[in-house]
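Report on the following structure.
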Amino acid sequence: MTTETTKTPLVRMSGVNKHFGSFQALSDINVDIPKGQVCIVVGPSGSGKSTLCRTINRLETIDDDGGYIEIDGKRLPEEGKALAALRADVGMVFQSFNLFAHKSVLENVTLGPTKVRGLSKKQAEKEAMEYLERVGVGEQARKLPAQLSGGQQQRVAIARALAMKPKVLLFDEPTSALDPEMVQEVLDVMVDLAAGGMTMVVVTHEMGFARKAGDRLLFMSEGAVIEDTTPEKFFKDPETSRAKDFLSKIL
Ligand code: ADP
Ligand code: MG
């Protein structure tokens, strides 16, 4: 590899703005995420965390004002096949799991790889089983999502994202819809992924996870990143009064 390519960030957001009508949800976002980094995103409700994630895999467009997003050095295309291919590089895990209710756990995981990556059913099932085992739900493969606990469903959602072999994984509050006793089993899987070198953007207020797995922390307020620091420093010694105020509410 040349120096040039090793320096290319996996995710580059440069001068990104996002309006919904006259409301500005993202304001001049400039964030480079290098390969292997685990970037935690925190901030009050409505500060733009979900919108930030959604623009990275183009579930939302950004303002057409010169700002841009690149994944591994490539601009996010507007639409079509190129977008589908690039989107496959960016996996996303949502708060609400978003599994297909009428498909088995195994089918949930094989669907993307057969449709988008062009794998045979047999190969997709083989790989899917490996991912399901890895997140500890291999024995649930033939069941429907509703037959699983919330924690198991979220681990299936992670396996499904992994099966696309993404370059970066986005997690938008992956444990906030879970019963408290199931939070840790999902965080454990995420810690494992982080330790394995996966590049991750994680919206979460789970401080233990942030400290253990996070390399970096972005604090958002009113659509802007107002602190770009480490989890360690943020929780111990936040700089802005908004961050102090935020922490006083969640701690
Ligand atoms: P967070 O995830 O930090 O709670 P969001 O990114 O979901 O915040 O939302 C940021 C702001 O953008 C909120 O004020 C929200 O109401 C607004 N917003 C998000 N999505 C839309 C949309 N599709 N249309 C209009 N406003 C939206
Ligand atoms: Mg959100």
Side-chain angles (χ1 to χ4, degrees), residues 9-20 23-57 60 62-63 67 69 90 92-96 154 168-178 180 182-195 197-251:
L10 209 39
V11 178
R12 165 162 284 175
M13 303 185 80
S14 176
V16 171
N17 293 300
K18 169 68 184 176
H19 281 81
F20 291 109
F23 176 78
Q24 188 161 8
L26 293 179
S27 176
D28 193 26
I29 305 288
N30 294 285
V31 174
D32 279 357
I33 300 174
K35 189 171 184 313
Q37 184 171 80
V38 176
C39 182
I40 310 291
V41 182
V42 298
S45 177
S47 58
K49 306 178 299 295
S50 294
T51 306
L52 180 91
C53 286
R54 292 168 62 82
T55 60
I56 297 176
N57 77 344
E60 295 285 358
I62 60 173
D63 292 355
I69 299 176
V90 185
M92 185 144 171
V93 175
F94 302 87
Q95 180 178 334
S96 51
Q154 191 59 303
V168 53
L169 263 185
L170 314 174
F171 294 84
D172 190 1
E173 304 205 32
T175 60
S176 53
L178 296 175
M182 291 169 191
V183 168
Q184 199 53 47
E185 65 191 56
V186 172
L187 294 177
D188 287 345
V189 168
M190 293 166 62
V191 168
D192 257 15
L193 291 176
M198 177 63 80
T199 309
M200 295 160 58
V201 176
V202 186
V203 179
T204 185
H205 294 160
E206 292 289 339
M207 210 171 48
F209 171 81
R211 283 176 186 267
K212 189 167 179 186
D215 300 306
R216 178 183 187 183
L217 184 145
L218 306 177
F219 174 67
M220 293 186 70
S221 173
E222 296 178 2
V225 173
I226 65 167
E227 295 201 29
D228 183 348
T229 177
T230 62
E232 211 56 22
K233 172 146 187 346
F234 182 77
F235 292 114
K236 200 168 60 196
D237 185 23
E239 275 177 20
T240 59
S241 58
R242 284 187 208 177
K244 286 176 189 148
D245 183 50
F246 168 77
L247 284 171
S248 74
K249 286 173 185 151
I250 67 159
L251 295 183

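Residue numbers count from 1 along this sequence.
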For this session: Take Met220 and Leu52, measure what side chain to side chain contact (heavy atoms under 4.5 Å, CB included) needs, and give me the verdict at the end.
Result: CA-CA 10 Å; Met220 293 186 70; Leu52 180 91; 4.3 Å; yes
For this session: Apply side chain to side chain contact (heavy atoms under 4.5 Å, CB included) to Leu26 and Thr51, showing your working.
Result: CA-CA 7 Å; Leu26 293 179; Thr51 306; 3.9 Å; yes
For this session: Start with the C-alpha distance between Val16 and Asp28, add both sets of side-chain angles, then the distance that settles side chain to side chain contact (heavy atoms under 4.5 Å, CB included), and finish with yes or no.
Result: CA-CA 5 Å; Val16 171; Asp28 193 26; over 6 Å; no
Exercise. Taking it one step at a time, do Cys39 and Leu217 satisfy side chain to side chain contact (heavy atoms under 4.5 Å, CB included)?
Worked result: CA-CA 6 Å; Cys39 182; Leu217 184 145; over 6 Å; no
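Between Thr204 and Ile40, the closest side-chain pair of non-hydrogen atoms falls below 4.5 Å. Phe171 is listed as a side-chain neighbour of Leu193, based on a closest heavy-atom distance under 4.5 Å. Between Val203 and Cys53, the closest side-chain pair of non-hydrogen atoms falls below 4.5 Å. The shortest distance between side-chain heavy atoms of Val201 and Ile33 falls below 4.5 Å.
A donor-acceptor contact under 3.5 angstrom links the side chains of Glu227 and Thr240, judged on distance only.
Ser221 approaches Arg242 most closely through the heavy-atom pair OG-NH1, 2.8 Å. Contact between Lys244 and Glu239 at its shortest, heavy atoms only, is NZ-O, 3.8 Å. Residues Val191 and Ala213 share a closest heavy-atom pair of CG2-CB, 4.4 Å. When all heavy atoms are compared, the tightest approach of Phe219 to Gly43 is CE1-CA, 3.7 Å.
From Phe94, atom CZ reaches atom CD of Glu173 across 13.0 Å, with rounding to the nearest 0.5 Å. Taking CG from Leu247 and CZ from Phe234, the interatomic distance works out to 4.0 Å, rounded to the nearest 0.5 Å. Taking CD of Glu206 as the start and CD of Gln184 as the end, the distance is 7.5 Å to the nearest 0.5 Å.
In this structure, the side chain of Gln154 does not engage the main chain of Thr175 through any donor-acceptor pair within 3.5 Å. In terms of modelled atom types and a separation under 3.5 Å, the side chain of Lys236 and the main chain of Pro231 share no donor-acceptor contact. Asp172 places no side-chain N or O within 3.5 Å of a backbone atom of Gln95 that could act as its donor or acceptor partner. A donor-acceptor pair under 3.5 Å links the side-chain atoms of Thr199 to the main chain of Gly36, judged by distance alone.
A salt bridge links Arg12 and Asp32; the closest N-O separation between the charged side-chain nitrogens and carboxylate oxygens is under 4.0 Å.
The side chain to side chain contact (heavy atoms under 4.5 Å, CB included) with Met92 is formed by just one residue from the set Ile56, Leu170, Leu169; it is Leu170. Partner of Thr55 under the side chain to side chain contact (heavy atoms under 4.5 Å, CB included) criterion, chosen from Ile69, Asp63, Ile29: Ile69.
Taking Gln24 as the reference, Asn17 meet the side chain to side chain donor-acceptor pair (under 3.5 Å) condition, with sequence neighbours excluded.
The salt bridge (Lys or Arg N to Asp or Glu O under 4.0 Å) pairs that include a residue from residues 208-217 are Arg211-Glu232, Arg216-Asp228, where partners are two or more places apart or lie in different chains.
Ring orientation note: the planes of His205 and Phe246 are nearly perpendicular, at an angle over 60° on the 30°/60° scale.
In this structure, Lys233 forms no cation-pi arrangement with Phe235, as its terminal cationic atom is not both closer than 6.0 Å to the ring centre and no more than 45° off the ring axis.
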